[in-house]
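Scroll down for the structure; my scribbles are underneath it.
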Number of protein chains: 2
Amino acid sequence: MSRPREFDADLALRRCMEVFWTKGFHATSYEDLTRTTQVKKQSLYGVFKNKRELFLKSLALYREENLSVLEKRMACETSPVRRLEAICEAALYADDEARIRGCLIINTSLEFGNGDADINREIGQMMERTEGMIEQAIRDGQAEGAITSRLGSRELALHLSNAINGAKMMEKSGISREEILGVLRTSIALIEA
Amino acid sequence: MSRPREFDADLALRRCMEVFWTKGFHATSYEDLTRTTQVKKQSLYGVFKNKRELFLKSLALYREENLSVLEKRMACETSPVRRLEAICEAALYADDEARIRGCLIINTSLEFGNGDADINREIGQMMERTEGMIEQAIRDGQAEGAITSRLGSRELALHLSNAINGAKMMEKSGISREEILGVLRTSIALIEA
DNA sequence: CTCATACTTGACCACGTGGTCAATAACTGA
DNA sequence: TCAGTTATTGACCACGTGGTCAAGTATGAG
C-alpha cells in the first residue's frame, strides 16, 4: 500500500534516549539526533511528532527499562536488607560513562522543575514505583525484625528513596562509585534494627 | 579621570544571580539579564567579561550569602541536634517562589555535570563547608551522647548532607515544605542515640 | 579649557536552533 | 502496469543566541 519505513523506530528511539540522557533535553539538537540515529530529521518527525514527543517517549523507555532491571535484581535477593542494598547498587551505574550521565529521570526533574505536566507525570511514576518497592522490602524487614520498627515503613522508605536521589545527584559530579555506595550503606545501616 | 559608572554593579550582579537561579545558566539570555538589571549588555560586559564570568560571580555570591545565613542560624541554637535541624530548615526555602527555584548550587551541579573545573570548584566549596558544619554539630552531639556513636562523625555527616541534597532536589518538584522537612527529620531521628 | 579615559548605546554579525516544504522514491493493491 | 500512499531527502525559514563594533558622552586631572 505504501513505501515501507527503512529504519528501526525502536532502535532510533533508544539512540535518541541515550543522547537526551547524555546532554539533557534543551542541549540536544536535531543535529545530534540525526547524527546518532543516522535517520534524517523529517523521517524521525514522521514517527514522533516533534522533539518534545520524542523526549517523552524516551523518558518512558528509560523508566520501563530501569524499573524492569530493578525488579529483576530484587527478585534475586532473599533477605529484605539485601534487597535494599540491591536497589542502591542498581541505582548507581557501574561504568564511568553512564555514571557521569547520571539518572535521566533526576536530570529531567531538575531541568524542567515542576513546570511541565507530562514530564511531571513521567517522573512521578518512576518515583512512586521505586518508593513502593523500597517500602515493600522495608515492611518485610520489619516483619522479620531485621529493620527497626521505631518508625513507620513509609517514613523509612521516603528516607531511603531520598538518600538514593541524593546519591544519583552526586554520581554526576565524578565522585567514585564506592564512596557514594558507602553513603547509601550508612543510610541502610541506620534503619537496621 | 574617566566617566563614572552609572549603575550599581553589586546590585546588578545580585539581579543576574536571581535570573540564573530561576532559569539556569544556558536558559538565561543576555536579553533576560539586561531586562532585569536595566543595564545594557555592553555595560554589563565592561564589568564582567562575559556570561560565564558573570555566572561564576553569581555562584560565589549565592554561596557566600547562603553560608552566612546558615552560620547565623546555627549560632542561635545551643543543642547539637537542634543545630542539625536548623541546617535542614535553612536548606529549604520558605516562600513558594524560592522553593520552585530550588538551590542554585544543586541546579548548577546537575546542569554542568562535572565537566567544568571552575564550576566544580565553586560547588565543591559550598558542599565541603556545609558538610564541615554538619560534622562539627554531629561531633558535639556524639560527645554529649545525643547522637549515636555506632558510626563515625564523617559517615553520619555524609549521610545527612546527602539527604539534604536529595531534599533540595525534591524541593523543585512542588512537594510541600512540610513533607520534605518530615523526610529530613527522619534522617536526623535515625542518627540520634 | 582640553583631552585622555572609561562608560553608554544601539546597530550589527555569524551561527545554530526547531520546524516546514516540496520534490522524489519505493512499495503494494487493483 | 499503474495509481495511491507513505517514506526520504535536502533545501529552506524565521528567530534568538552570545558576542563585537564604532560612535557618542560624561568626567576629572592637568
Side-chain angles (χ1 to χ4, degrees), chain A residues 1-59 104 107-108 111-113 115-119, chain B residues 1-59 104 107-108 111-113 115-119:
Chain A
M1 193 81 172
S2 76
R3 179 173 179 175
R5 186 175 297 131
E6 290 178 8
F7 65 96
D8 179 340
D10 286 342
L11 180 60
L13 176 60
R14 163 161 287 104
R15 295 253 180 282
C16 290
M17 183 266 275
E18 276 164 7
V19 183
F20 283 131
W21 187 3
T22 307
K23 311 189 66 170
F25 176 75
H26 294 293
T28 64
S29 65
Y30 257 113
E31 215 274 319
D32 292 323
L33 299 175
T34 55
R35 182 161 24 82
T36 60
T37 56
Q38 300 282 26
V39 176
K40 296 294 181 298
K41 207 196 300 198
Q42 200 59 233
S43 299
L44 225 46
Y45 230 152
V47 184
F48 315 96
K49 301 204 190 313
N50 51 34
K51 196 183 165 192
R52 187 168 184 280
E53 294 295 321
L54 188 45
F55 183 64
L56 284 170
K57 286 277 200 319
S58 299
L59 272 189
L104 176 57
N107 296 352
T108 303
E111 183 173 350
F112 282 81
D116 188 309
D118 296 315
I119 303 276
Chain B
M1 192 78 173
S2 76
R3 181 174 178 174
R5 186 176 297 131
E6 290 177 8
F7 66 97
D8 180 339
D10 286 341
L11 180 60
L13 176 60
R14 164 160 285 104
R15 296 251 179 281
C16 289
M17 183 267 274
E18 276 165 7
V19 182
F20 283 131
W21 188 5
T22 307
K23 311 190 65 170
F25 175 74
H26 293 294
T28 62
S29 64
Y30 258 114
E31 214 274 319
D32 292 322
L33 298 174
T34 53
R35 181 162 24 83
T36 61
T37 54
Q38 299 283 27
V39 176
K40 296 294 179 299
K41 206 195 303 199
Q42 200 59 233
S43 299
L44 225 44
Y45 230 151
V47 184
F48 315 96
K49 301 206 191 311
N50 51 32
K51 197 184 164 191
R52 186 167 185 281
E53 294 295 322
L54 188 45
F55 184 65
L56 284 170
K57 286 278 199 320
S58 298
L59 271 189
L104 177 58
N107 296 352
T108 303
E111 184 173 350
F112 282 82
D116 187 309
D118 296 314
I119 303 276

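Protein chains get the first letters and strands the later ones, always in sequence-line order, with residue 1 at the start of each.
Backbone-only engagement by A/Ser29 is indicated by non-hydrogen atom pairs under 4.0 Å involving sugar-phosphate atoms exclusively. A/Thr34 comes within 4.0 angstrom of no nucleic acid atom, judged by non-hydrogen atoms across all strands.
Positionally, the nearest nucleotide of DNA chain C for B/Phe7 lies more toward the 5' end than for the other of B/Lys41 and B/Phe7. Taking the nucleotide of DNA chain C with the nearest heavy atom to each of A/Glu31 and B/Leu44, the more 5' of the two is matched to B/Leu44. Closest-nucleotide positions on DNA chain D for B/Lys51 and B/Pro4 were compared, and the one nearer the 5' end corresponds to B/Lys51.
Of the candidate nucleotides D/dC21, D/dT27, D/dT5, D/dC21 has the atom lying nearest to any side-chain atom of B/Gln42.
With rounding to whole Å, B/Tyr30 atom OH is found 14 Å from D/dC21 atom P. Computed from coordinates, the A/Glu6 CD to D/dT9 C1' distance equals 11 Å when rounded to whole Å.
Side chain of B/Glu111 to backbone of B/His26: a donor-acceptor contact under 3.5 angstrom is found.
Looking at heavy atoms from C-beta onward, B/Lys40 lies out of side-chain contact with B/Thr34 at the 4.5 angstrom threshold. Side-chain contact between A/Asp118 and A/Arg52 is present, with at least one heavy-atom pair separated by less than 4.5 Å. B/Phe20 places none of its side-chain heavy atoms less than 4.5 Å from the side chain of B/Thr108.
Ring geometry for A/Phe25 versus A/Phe112: interplanar angle of 30 to 60°, hence tilted.
Here the range on DNA chain C touched by chain B, meaning any atom under 4.0 Å from one of its heavy atoms, is C/dA4 to C/dG10.
Counting non-hydrogen atoms of neighbouring residues, nucleotides and ligands closer than 6.0 angstrom, the NZ atom of A/Lys23 exceeds 12 such neighbours.
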